[in-house]
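Only one structure is covered here, and it is reproduced in the block below.
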Amino acid sequence: MTVARRIIPCMDIDAGRIVKGVRFESIRDAGDPVEAARRYDEAGADELTFLDITASADERETLVHVVERVADQVFIPLTVGGGIRNVDDVRRMLNAGADKVSINTAAVRDPDVVARAADWVGSQAIVVAIDAKQVEADPPRWEIFTHGGRRPSGLDAIAWAQRMATAGAGELLVTSMDRDGTRSGFDVALTRAISDAVDVPIVASGGVGTLAHLCAGVTEGGADAVLAASIFHFGEYTIAEAKSAMAAQGIVVRL
Amino acid sequence: MGTIAVIDYGMGNLRSVARALEHVVPGGVRVRVTAQAADVLAADRIVFPGQGAARDCMRALDAQGLRDPLLKVAQDRPFLGMCMGLQVLLDHSDEGATPCLGLIAGRVHRFVSGERAADGGRCKIPHMGWNEVWQAQSHPLWDGIVDGTRFYFVHSYYAEPDEPERAAGITEHGRQFCSALAWANLFACQFHPEKSSAAGLRLLANFVSWDP
């Protein structure tokens with residue numbers, strides 16, 4: 001009897017459409033976020049994340065409408081991230097129906113934005129996304145990078161995680177920029193170091209290529225939730241297969 | 001056919017709550033998100049949601065003149081409290097040392113940092129995710145919902161009623177806590193039915209047809 005570890009499919013959204021699409025059997029429109037969200041709910045996903053990768057500010061407004069349409073029809077938690085600059089952006093997404101908003105670059109630029117947002121809407125709605133790269137090997141040390149992993153901030157990842165949790169983040173989304181897109185597995189040392197350093201839940205992200213990677217995120221990384229994109233979107237594995245694999249490792253999941 | 005008032009006192013976005021109710025109500029029933037005392041008093045059923053801090057919730061209720069209407073309708077018609085809408089039904093919350101509505105005797109405490117879960121993991125605060133709800137009593141709102149079904153939670157404080165028989169659901173996060181309360185025409189859940197997929201929609205449908 002314990003809270004289940006969550007599996008969170010993440011969809012990249014550009015101008016209101018899912019980038020690269022999501023492959024389900026008999027799905028009519030692989031790029032439609034509403035249809036994909038409904039399918040993921042039916043398949044047993046515990047939560048959904050939309051990451052806005054839209055470059056232009058005009059088209060960013062379309063994400064608000066995507067969130068409204070999904071939240072009107074799919075009744076599981078929804079997190080929205082990407083391009084959140086200030087408290088107004090947070091409120092706009094929550095009013096559209098998001099349950100949580102993830103803040104990344106804006107928090108590094110102005111750490112106080114996290115405290116202000118949490119004060120306005122409550123910690124339960126504020127996720128801080130931590131993009132980290134390993135900069136020293138022994139003992140390992142990680143630093144925060146922004147702008148999609150291109151720009152170093154000089155901030156130590158563990159200290160930053162503690163600071164963000166204290167400021168009011170209700171959850172931390174930890175992405176290894178070394179592993180993101182490699183399909184070689186999470187950086188479980190990074191996830192474990194942050195999970196042990198804070199009280200708030202940790203979502204592991206970046207690098208999933210197999211179901212064993214998802215399991216390791218929990219058993220080795222100490223993550224409370226695991227986030228993945230491509231292994232689910234392209235039909236390699238179903239959510240049910242992922243949960244079976246985790247349950248077989250003794251991980252508590254919602255079946 | 002009747003009206004369900006979803007009380008909007010400025011604590012969190014109610015769009016999902018309203019949409020989930022609209023998803024399950026029979027034709028002719030209106031779901032009305034409202035901050036008006038007159039609407040609350042005129043409604044046939046009351047949904048009382050809430051997010052954020054206990055003190056802010058109580059202040060907002062008073063600022064909008066909703067405390068007395070709420071106390072009245074909580075006596076005489078089907079009433080569903082959700083999340084913070086459960087916690088403020090009790091006498092007192094440790095969150096900001098806040099006196100609450102006192103509709104159910106008991107207090108609200110914070111989870112303790114560092115407690116261990118049944119699987120040996122460290123319990124995180126907030127308690128976030130899908131956890132089992134064990135039905136402490138048979139109740140029309142549990143109709144068709146298997147005992148031990150997982151619902152979606154996100155909270156750092158939990159209710160402890162003085163009278164254990166008020167508990168309708170029990171959940172464990174480091175310790176066992178009361179995840180649902182029931183008394184006469186009141187039902188309240190700490191979890192979010194509007195975010196708990198099919199099981200949550202079933203609970204809302206049960207509320208809509210409940211005749212206490």
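The chains referred to below are lettered A, B, ... by the order of the sequence lines, with proteins before strands, and numbering in each begins at 1.
Between B/Lys195 and A/Glu47 there is no salt bridge, since none of the side-chain N atoms of the basic residue sits less than 4.0 Å from a carboxylate O of the acidic one. A salt bridge links A/Asp46 with A/Arg254: the closest approach of a Lys/Arg side-chain nitrogen to an acidic carboxylate oxygen falls below 4.0 angstrom. Ion pairing between a basic and an acidic side chain is recognised when a charged N comes within 4.0 Å of a carboxylate O; B/Arg202 and B/Asp143 show such pairing. Under a 4.0 Å N-O distance rule, the pair B/Asp91/B/Arg107 does not qualify as a salt bridge. Between A/Arg6 and A/Glu171 there is a salt bridge, with a side-chain nitrogen of the basic residue lying less than 4.0 Å from a carboxylate oxygen of the acidic one.
Between the side chain of B/Arg150 and the backbone N or O of B/Trp130 there is at least one donor-acceptor pair closer than 3.5 Å. Although no hydrogens or angles enter the test, the distance criterion places a donor-acceptor pair under 3.5 Å between the side chain of A/Asp99 and the main chain of A/Leu78.
Looking at B/His127, only its side chain comes within 4.5 Å of chain A, counting heavy atoms on both sides. With a 4.5 Å cut-off on non-hydrogen atoms, A/Ser195 touches chain B through its backbone and its side chain both. Proximity to chain A (any heavy atom under 4.5 Å) is shown, for B/Ala53, by neither the backbone nor the side chain. Only the backbone of A/Ala96 comes within less than 4.5 Å of a heavy atom of chain B; no side-chain atom from C-beta onward does. Contact annotation for A/Glu68: both backbone and side-chain heavy atoms come within less than 4.5 Å of a heavy atom of chain B. For B/Glu194, the part lying under 4.5 angstrom from a heavy atom of chain A is the backbone only. The contact between B/Gln176 and chain A is made entirely by side chain atoms (from C-beta outward), counting heavy-atom distances below 4.5 Å. Contacts between A/Val252 and chain B at a heavy-atom distance below 4.5 Å involve the side chain alone, from C-beta outward. A/Arg91 does not touch chain B: none of its heavy atoms, backbone or side chain, sits under 4.5 Å away. Looking at A/Val218, there are no atoms closer than 4.5 Å to chain B (heavy atoms on both sides), in backbone or side chain. With a 4.5 angstrom heavy-atom cutoff, B/Thr171 touches chain A only via backbone atoms. In this structure, chain A has a heavy atom under 4.5 Å from the backbone of B/Ser196, while its side chain stays farther away. Using a 4.5 Å cut-off between heavy atoms, A/Ile202 contacts chain B through both its backbone and its side chain. Heavy atoms of B/Leu14 lying under 4.5 Å from chain A are absent altogether. Only the side chain of B/Arg15 has a heavy atom closer than 4.5 Å to any heavy atom of chain A.
Checked against a 6.0 Å centroid threshold, the rings of A/Phe75 and B/His23 count as neighbours. Taking the six-membered ring for Trp, B/His139 and B/Phe187 have ring centres closer than 6.0 Å.
Chain B forms more heavy-atom pairs under 4.5 Å with one residue of A/Leu94, A/Asn95, A/Leu255 than with any other, namely A/Asn95. Heavy-atom pairs under 4.5 Å with chain B were tallied for A/Ala225, A/Gly122, A/Gly97; the largest tally goes to A/Gly97.
Each of A/Thr175, A/Val208, A/Val174, A/Leu227 was compared with A/Phe186 under the side-chain contact (heavy atoms from CB on, under 4.5 Å) criterion, and only A/Val208 meets it.
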